[in-house]
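When reading the values below, keep in mind they use all heavy atoms of this one structure, side chains included, and skip hydrogens, waters and symmetry mates.
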Amino acid sequence: MRRRWLLSLFCLLWPWMAMAAKVQATLDRTDVHLGETVTLNLHIGDAVSASTPDLSALVRDFEVLRTSTNSSLSLINGRQRAELIIGVALRPRHEGDLKIPSLTVAGSQTNPLNLHVGPADISAGADAGKDVFVEATASSNRVYAGQQILYTVRLFYSGDLDGGSLPNPDAGDAELRQLGNDISYESVRHGRRYHVVERRYALTPRHAGALTIPAIEFQGEMIDRGNPSDPGGFFNPGGLFGNTTPVSADSPQVKIDVEAPLANWGETSWLPARSLSLSLQGLPGDDKISAGQPLNLRLSVDAQGLSGDALPTLSLPAIDGATVYPDQPSTSTHDDGEWLIGHSERGFAIFPQHAGSLTLPPITLTWFEVQSGQKRVATIPSHTLTVLAANGTQAAVAPGTQPDVVAPPTTTVSMPSPANAQSAPARSSTPWRWIALGSIALWLLSAAAFAWLYRRRHSPTPPPAKQHVESIDSSRAQRQAFLDAARGEDRPVQAQRLLAWARAERPGLRNLGQVASALDSGEQRAAIELLHRAQYADVRVEKRIDLAAAFDHGLAWRQEDEAEPELPLPPLYPFKLD
């Protein structure tokens, strides 16, 4: 009974669940020739089944040939996700820019799409009448070094293939990367209909000169269906199931003229792209930051027609009044089916040195637009921030100058005027005031003495020798813990344990900046500085930190009688690690 109730509830909720499904429409190609087919893919999220939508809105401009469904179920981060794809094979009825309207699928509306249909392709005159042939074309036969073009290979076959091999092109010294999966459709050449398998590549020549892509050879087996009325046997050449015949075809060579970068380009990186953009994230919304606290920014660049590896390493210009620590750069590459889209980003930790104003200079990146053949400059304009003092107050200090020392507040004492100067001694000679003041002073002294005796009697302290032994044991344990961490590569743990060791010997220290100021060893102070920088930049390329060797003989404290210098600024690493 309970199962029936749950089944009934599911049936009632199913239409509502279908209406909430996310749908999207895509085309496997957006530019086709008359006589070719194109596949309309309807993606339905969080669904494993759905009914075929009404396609009557397409019959005016397309022939609806067939439909197919493909469902997938995946597990991502512990969550189960399902997707259903309904594929609709369409053949345009005429040339022009055709529009696929919005369709109602699983209770939701799909996005409209545009399709360009050109005239029938008659370029393969030499291959007319062949059962199998291969085409290879480049989107441009004249490019610059480093410019990506689209290289397309198409296999045409009439009949049924029983397997085959279509190798990747040999691009020589050029970079070749396949874009997406193979695309299957139908096309008409010289009145004959073919099945087509299309494969796209991103081709990027590295050097100037003549680039020749050699022919690609296809080898496969064509099924010979034979004559079903022939009683010659099921598997004989004339039988019901027939046999296979070897077939092969070669694509033509493709020659590309690769030009060198512009002679007057300059010293900047050569970046031939279709589009390029710069972005900077992390600026505070109120344009205010605090001195001594890091400002974490992330600079990124995206380029269409370039891989992430081809993009330059990002950097920030020098910033007056601040220290910049760059993070490790990261790059990635994806594609939109025709063009590579490269992405590069890098983080920066900026430490303002004093209160006042801090100006980030403009950031520029020069690139070459391949469509127009013009030099372009992507720019992030300059930005001015207000740097507050460490206590959060704003100080009007000019960049590059130290903040003024604030004078202590003065106390105003009311003095008797000359006219009343003679009457003042007469009033002060009254004995009652002095008697009252003396009584209050004696009472305060008595109360203080009683409190001191009470705390001494009821709060026994451990013997000095025992306190000293416990302090030594704690210092030894913290030192050993630091030396163990110093042999590894975990910089935050090393900084935490070094501060704990120093505080075991001198409890008044609050951060590593104060520890470095209290040390007498230049080697140990330099090691702490490198440990600071290692948390915001990769110091492995400039100098390796050997913390164990620097602190192996203990902390080299300065003598107590030496005056400790005042720090005009907060320490570079102001955070408490305990």
Compute both the distance and the angle, then confirm whether Arg29 meets the cation-pi test with Tyr185: under 6.0 Å from the six-membered ring centre, within 45 degrees of the axis.
yes
Roughly how far apart are Leu314 CG and Leu365 CG, rounded to 0.5 Å?
7.5 Å
Using a 3.5 Å distance criterion without hydrogens, assess whether the side chain of Ser269 forms a donor-acceptor pair with backbone atoms of Leu271.
no
For the residue pair Gly305 and Trp339, what are the closest heavy atoms and their distance?
N-CB, 4.4 Å
So Ser307 and Thr333, side chain to side chain donor-acceptor pair (under 3.5 Å) or not? Walk me through it.
CA-CA 6 Å; Ser307 64; Thr333 305; 4.8 Å; no
Tightest non-hydrogen contact, residues Pro167 and Glu217, listed as CD-O, 3.2 Å
So, Gln109 versus Ser102: side-chain donor-acceptor pair below 3.5 Å or not?
yes
Taking all heavy atoms of Leu306 and all of Pro272, pick out the closest pair and write down the distance.
CD2-O, 3.3 Å
Leu340 side, atom CG; Thr204 side, atom OG1 - distance, nearest 0.5 Å
6.0 Å
Judged by atom type as modelled, is there a donor-acceptor pair below 3.5 Å linking the side chain of Ser251 to the main-chain atoms of Ile216?
yes
Within 45 degrees of the axis of the six-membered ring of Trp367 and under 6.0 Å from its centre: does Lys375 put its NZ or CZ there?
no
Where do Pro352 and Ile289 come nearest, in terms of heavy atoms and distance?
CG-CD1, 3.4 Å
Is the distance between the ring centroids of Phe133 and Tyr194 under 6.0 Å?
yes
Walk me through whether His383 and Asp287 qualify under side chain to side chain donor-acceptor pair (under 3.5 Å).
CA-CA 9 Å; His383 200 91; Asp287 290 339; 2.8 Å; yes
